[in-house]
Amino acid sequence: MKKTIRDFDLRGKRVLIRVDYNVPLDKSLNITDDARIQATLPTVRYALDKGAKVILMSHLGRPDGKPVSSMSLSPAAKRLAELLKTEVIQCSDCVGSRVKEELGALNGAASVALLENLRFNPDEEKNTPAFAGALAENGEIYINDAFGSSHRAHASIEGITKFLPSGAGFLLEKEIQYLGDAMQSPKKPFVAILGGSKVSDKIGVVENLIAKVDKILIGGAMAYTFLKVKGVDIGNSKTEKDKTELAKTILDKAARSRVEILLPEDHVCAQKVDEQSPVKIEGPSIPTGWLGVDIGPKTIECFKRALSDAKTVIWNGPMGIFEMRPFAKGSEAVAQTLAGLKGAVTVVGGGDTAACVAAFGLAEKMTHVSTGGGASLEYLEGKVLPGIAALEEQ
Ligand code: ADP
Ligand code: 3PG
Ligand code: MG
């Protein structure tokens with residue numbers, strides 16, 4: 001059993017909480033789904049009620065180790081202040097003397113601060129001890145409430161636990177409980193649905209899921225790497241060239257294990273990722289100069305049939321670029337199908353997938369909507385997440 005926030009005396013202490021505020025933003029940098037912020041409120045409020053000063057830290061996007069203004073956490077700080085109805089100090093960075101000065105204001109009326117995007121510094125992802133130590137100087141107790149990032153052995157997730165007493169926040173605890181319960185002895189047929197754009201990150205998961213599930217439905221950008229190795233023309237669709245060997249191995253392994261992998265038979269195709277761009281339905285091949293932006297109507301029907309008798313479903317990764325209305329039909333159909341399944345356990349995970357289900361008003365219809373995408377998949381695969389492993393035992 002790992003320590004949790006309940007195991008510490010927080011009165012008067014500076015509590016450094018890692019959260020996952022990697023929230024979806026629109027072009028004007030408005031937050032389109034604040035579920036990841038809302039989900040941390042129990043931990044933040046608990047710490048405040050116990051008399052702690054709360055210092056939050058997170059990454060947002062993938063700025064690759066340098067400041068990128070569109071990836072500032074400032075929209076998250078504003079939203080958090082609205083939700084907590086209190087002032088939130090927005091720090092200019094995450095380490096260093098200026099940040100120390102800014103955190104000095106925590107002695108006044110404001111009791112919450114949010115550090116700037118951790119990934120503006122290359123040492124966050126490299127997990128250097130010097131950077132983890134510098135982060136640790138911002139607090140006296142470390143709490144991990146960033147379930148969605150706990151599969152990353154980064155400084156704010158893993159390295160920092162070597163410098164401070166550490167434990168889990170309520171969100172981390174809840175996610176582990178829900179996902180653990182759902183997966184303990186999953187009722188069959190057990191179907192996994194994968195899509196989204198983080199193909200390199202998640203394609204390995206497909207291989208490990210073969211041992212656990214009966215069927216895997218693949219849509220989103222994830223599908224094109226598989227279609228390509230099957231010799232299907234995919235036009236300008238997003239693929240990962242260096243993952244073609246792995247995709248081949250996965251298809252072979254699934255065939256040997258008699259696990260069905262269903263790939264799109266047709267696609268909504270456009271010439272540009274632009275909602276004004278004319279579309280046409282093509283499939284399975286995508287013509288030169290066009291790219292796949294959503295699964296097509298035949299695929300929707302095929303996926304619906306494949307899900308009709310499912311008793312356990314996990315879904316990560318939208319079926320198309322759902323942020324643009326004309327490319328959202330596939331994701332909406334999948335969300336509606338899951339919402340309508342009788343007596344099935346449905347677990348949806350991922351910042352964008354959760355946002356997509358919420359946008360269709362269907363979040364309440366799922367058994368569990370996890371804040372973790374890659375993290376929930378790795379947890380469901382049975383992997384030990386580095387962010388959980390690193391926390392102190394009770
Ligand atoms: P999650 O956040 O749920 O873990 P990902 O981050 O892996 O999911 O992927 C979400 C993104 O995938 C969305 O922003 C969506 O626009 C994008 N996406 C889905 N289908 C495609 C596609 N065919 N081509 C490009 N991007 C896609
Ligand atoms: C996510 O959105 O899955 C988490 O915030 C982790 O982001 P990452 O894949 O960029 O590490
Ligand atoms: Mg995402």
Side-chain angles (χ1 to χ4, degrees), residues 18-26 32-33 35-37 39 58-64 71 73 76 117-119 124-125 127 145-154 156-157 175 193-203 205 218-227 234-240 263-264 267-270 272-275 279 286 290-296 299 314-331 334-335 347-359 369-379 385-387:
R18 174 54 155 108
V19 288
D20 186 344
Y21 287 174
N22 183 21
V23 289
L25 301 170
D26 66 16
T32 55
D33 181 41
R36 280 182 163 178
I37 301 178
S58 177
H59 74 283
L60 192 152
R62 294 177 169 179
D64 283 336
M71 293 184 201
L73 279 165
N117 194 338
L118 294 157
R119 292 190 186 169
E124 159 66 358
E125 292 181 60
N127 194 7
D145 215 21
F147 175 72
S149 309
S150 289
H151 56 319
R152 305 290 183 215
H154 294 170
S156 65
I157 293 282
E175 290 274 16
I193 311 169
L194 295 171
S197 59
K198 290 181 180 174
V199 182
S200 309
D201 277 25
K202 295 176 186 168
I203 192 165
V205 173
I218 304 182
M222 177 72 91
Y224 308 120
T225 303
F226 286 96
L227 287 172
I234 54 156
N236 292 338
S237 306
K238 190 173 158 46
T239 49
E240 306 286 325
L263 294 168
H267 324 267
V268 177
C269 301
K272 275 195 295 196
V273 179
D274 176 343
E275 52 198 314
V279 295
I286 297 176
W290 293 71
L291 70 148
V293 291
D294 193 9
I295 54 173
T299 309
I314 55 171
W315 176 22
N316 170 255
M319 297 292 101
I321 306 175
F322 76 97
E323 296 90 339
M324 300 183 183
R325 203 59 207 138
F327 314 149
K329 286 197 188 80
S331 303
V334 165
V347 178
V348 176
D352 294 296
T353 314
C356 145
V357 170
V369 179
S370 172
T371 51
S376 62
L377 288 176
E378 289 193 22
Y379 191 78
L385 305 188

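In each ligand, atom 1 is the first atom listed, and ligand 1 is the first ligand listed. Only this structure's heavy atoms are used, side chains among them; waters, hydrogens and symmetry mates stay out. Along the sequence shown, residues are numbered consecutively beginning with 1.
Shown in contact with Asn22 at under 4.0 Å from a heavy atom are these atoms of ligand 2, numbered in order with element: 1 (C), 2 (O), 4 (C), 5 (O), 7 (O). Distances below 4.0 Å separate heavy atoms of Arg152 from the following atoms of ligand 2: 8 (P), 9 (O), 11 (O). Ligand-side atoms of ligand 2 in range of Arg62: 8 (P), 9 (O), 10 (O), range being under 4.0 angstrom from any heavy atom. Those atoms of ligand 2 that come under 4.0 Å of a heavy atom in Asp20, given as number and element, are 4 (C), 5 (O). Shown in contact with Gly148 at under 4.0 Å from a heavy atom are these atoms of ligand 2, numbered in order with element: 4 (C), 6 (C).
In this structure, Tyr224 is part of the shell of residues with a heavy atom less than 4.0 angstrom from ligand 1. Not a single heavy atom of Gly195 sits under 4.0 Å from any atom of ligand 1. Residue contact check for ligand 1: Met324 places no non-hydrogen atom closer than 4.0 Å to it.
In this structure Ser149 satisfies the side chain to side chain donor-acceptor pair (under 3.5 Å) test together with Asp20, sequence neighbours excluded.
Looking at Asp352, Ile295, Asn22, it is Asp352 that brings a heavy atom closest to atom 1 (P) of ligand 1. Nearest residue to atom 1 (C) of ligand 2 from Arg119, His59, Lys198 is Lys198 (criterion: closest heavy atom). When Gly349, Ala221, Gly320 are ranked by how near their heavy atoms come to atom 19 (C) of ligand 1, first place goes to Gly320.
Note on Arg18 versus Glu124: salt bridge recorded, some NZ/NE/NH1/NH2 to OD/OE distance being below 4.0 Å. Remark: Asp145 does not engage Arg36 in a salt bridge, criterion side-chain N to carboxylate O under 4.0 Å.
Here Arg36 has side-chain heavy atoms under 4.0 Å from ligand 2, and that is the only part of it that gets that close. Contacts with ligand 1 closer than 4.0 Å are made by no heavy atom of Leu291, backbone or side chain.
In terms of protein heavy-atom proximity, atom 23 (N) of ligand 1 is nearest to Gly292 O, 3.1 Å. Looking only at heavy atoms of the protein, atom 9 (O) of ligand 1 is closest to Ser197 N, 3.0 Å. In terms of protein heavy atoms, atom 7 (O) of ligand 1 is closest to Lys202 NZ, 2.8 Å.
Annotation: Lys198 places an N or O atom under 3.5 Å from an N or O atom of ligand 1; distance criterion only. An N or O contact shorter than 3.5 Å is missing between Asp294 and ligand 1 by distance.
Between the side chains of Glu175 and Thr371, at least one donor-acceptor pair of N or O atoms lies under 3.5 Å.
Protein nitrogen, oxygen and sulfur atoms, that is N, O or S, within less than 2.8 Å of the Mg ion (ligand 3) amount to 1.
Looking at His154 and His59, their side chains never come closer than 4.5 Å, going by heavy atoms from C-beta outward. Looking only at side-chain heavy atoms (C-beta outward), Asn236 and Trp290 stay at 4.5 Å or farther from each other. By the 4.5 Å heavy-atom criterion applied to side chains, His267 and Asp294 are not counted as neighbours.
Although no hydrogens or angles enter the test, the distance criterion places a donor-acceptor pair under 3.5 Å between the side chain of Thr225 and the main chain of Glu240.
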